[in-house]
Amino acid sequence: MLKLINVSKTFNQNTVNETNALKKIDLKVKDSDFITIVGGNGAGKSTLLNSIAGVFGLTEGKIILSNKDITDMPEYKRAKFIGRVFQDPLMGTSPEMTIEENLSMALNKNSKLTLKWALNNKKRNKIKQHLSEIDLGLEDRLDTKVKLLSGGQRQALTLLMATIIEPEILLLDEHTAALDPATAIKIKDLTQKIISNHNITTLMITHDMKDALKFGNRMLMMNHGDIIIDIQGKTKEKMTIDHLLKIFQKKNKQGFYNDRSILSLA
């Protein structure tokens, strides 16, 4: 359902700071794929997600989603069918608005502008139902401003906002990296629950190789703008970190990373 065809992105082109962030990427993502993405800093992971989201134009290539060429479509239009959660819990919500108001905006993001009330009893009940499913007690705090929530509560809310109107594709950019370990586990479990219950096609960046192998049905490893490993199904289920690193060393012509902590192996 998602195709990247010969996708390249070069920053600062034709200058001394030229950087080839993506190099002729070809990628086919099937409906309901849950793909984890790992790689060191500068591997191209976030650039890949930003390209899909339309944050910037491509240097070369095409992006096809549900048989529609979205290569030149601006980010704000893609946001109607692409959900996204960032690493920073402060992004993705409006802090001065209440929980109820934030979710109301998410529910109405694909609706035409009218003079009707944005929130009615039917929508309020729907919001309460969705909030009760994430089991954080937020359904009893609808009038609380989002800025008063903890980082984990806010990230859970952002995840719910990104999926309350089921997107064609969900992009998660290290969305638990800024959370404490206990909270991160809760958000990961919530993520798995939402994706599984609604069969949402998902790409998730993580620096934790254990999580990359644990979650999803497919895993990509990137290095210097290339996808160097693509495993899925039973192959992924049987894969161990040690085995994966051996494959990486064979694939990586430019040498193994010295900083093992980049891939959460320390």
Side-chain angles (χ1 to χ4, degrees), residues 2 29 32-39 44-56 65 75-95 97-110 127 130-131 133-136 138 146-147 149-208 211-212 214-220 222 264:
L2 173 68
V29 179
S32 300
D33 263 351
F34 181 179
I35 301 176
T36 56
I37 306 173
V38 294
K45 307 182 300 300
S46 291
T47 304
L48 180 67
L49 263 58
N50 284 332
S51 296
I52 296 169
V55 175
F56 42 64
L65 182 61
E75 182 181 10
Y76 75 92
K77 288 188 176 181
R78 297 191 203 189
K80 292 183 177 181
F81 47 83
I82 295 178
R84 192 164 189 191
V85 184
F86 300 88
Q87 179 176 338
D88 186 351
L90 299 180
M91 298 180 68
T93 57
S94 179
M97 296 176 68
T98 65
I99 293 173
E100 184 178 65
E101 289 168 341
N102 271 271
L103 284 169
S104 177
M105 285 197 306
L107 277 172
N108 288 292
K109 73 174 183 178
N110 290 339
I127 286 172
H130 281 282
L131 285 170
E133 290 174 358
I134 66 176
D135 197 26
L136 291 175
L138 297 181
V146 171
K147 67 179 181 180
L149 301 180
S150 67
Q153 290 172 329
R154 193 159 178 171
Q155 201 67 316
L157 179 62
T158 303
L159 181 62
L160 183 55
M161 289 176 65
T163 57
I164 195 167
I165 300 294
E166 292 181 23
E168 292 188 40
I169 191 162
L170 176 64
L171 306 177
L172 306 174
D173 194 347
E174 297 188 70
H175 69 305
T176 63
L179 305 176
D180 66 83
T183 303
I185 290 173
K186 291 181 180 179
I187 298 301
K188 290 173 189 176
D189 290 343
L190 175 61
T191 300
Q192 177 70 65
K193 178 181 176 181
I194 290 174
I195 291 171
S196 297
N197 287 349
H198 301 282
N199 293 316
I200 300 173
T201 306
T202 303
L203 277 71
M204 181 180 83
I205 294 174
T206 177
H207 266 137
D208 190 325
D211 284 345
K214 175 183 177 181
F215 294 102
N217 65 301
R218 185 175 172 189
M219 191 203 79
L220 307 178
M222 298 189 68
S264 296

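Just so you know, these numbers use all the heavy atoms, side chains as well, and skip hydrogens, waters and symmetry mates. Computed from a predicted structure; not experimentally measured.
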Distance-only polar pair, side chains of Arg154 and Asn102, donor-acceptor under 3.5 Å: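 No.
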Side-chain donor-acceptor contact under 3.5 Å, Asn199 with Ser32: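 Per modelled atom types, Asn199 and Ser32 side chains form no pair under 3.5 Å.
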Residues in side-chain hydrogen bond (donor to acceptor under 3.5 Å, both in side chains) contact with Thr191, at least two apart in sequence or another chain: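 For Thr191, the residues satisfying side-chain hydrogen bond (donor to acceptor under 3.5 Å, both in side chains) (neighbours in sequence not counted) are His175.
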For Ser150, all residues meeting side-chain hydrogen bond (donor to acceptor under 3.5 Å, both in side chains), sequence neighbours excluded: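 Checked Ser150 against side-chain hydrogen bond (donor to acceptor under 3.5 Å, both in side chains); matches are Gln153.
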Check whether any side-chain N or O of [X] sits under 3.5 Å from a backbone N or O of [Y] as a donor-acceptor pair, and report yes or no.
{"X": "Thr93", "Y": "Pro95", "value": "no"}
{"X": "Asp33", "Y": "Thr201", "value": "no"}
{"X": "Thr36", "Y": "Ala212", "value": "yes"}

Between [Y] and [X], is there a side-chain heavy-atom distance shorter than 4.5 Å?
{"X": "Glu133", "Y": "Asp135", "value": "no"}
{"X": "Leu159", "Y": "Leu172", "value": "yes"}
{"X": "Val85", "Y": "Asp173", "value": "no"}
{"X": "Thr163", "Y": "Leu170", "value": "yes"}
{"X": "Ile205", "Y": "Ser46", "value": "yes"}

Side chain to side chain contact (heavy atoms under 4.5 Å, CB included) partner of Leu49, the single match among Met204, Arg84, Glu174: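 Filter result, single survivor: Arg84.
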Test applied, side chain to side chain contact (heavy atoms under 4.5 Å, CB included); reference residue, Ile52; option that passes from Ile82, Val29, Thr47: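 Of the listed options, the one satisfying the test is Ile82.
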Atom pairs and distances, donor-acceptor, side-chain atoms in residues 182-189, under 3.5 Å, two or more places apart:
unit_1	atom_1	unit_2	atom_2	d
Thr183	OG1	Asp180	OD1	3.1
Thr183	OG1	Asp180	OD2	2.7
Lys188	NZ	Asp211	OD2	2.4

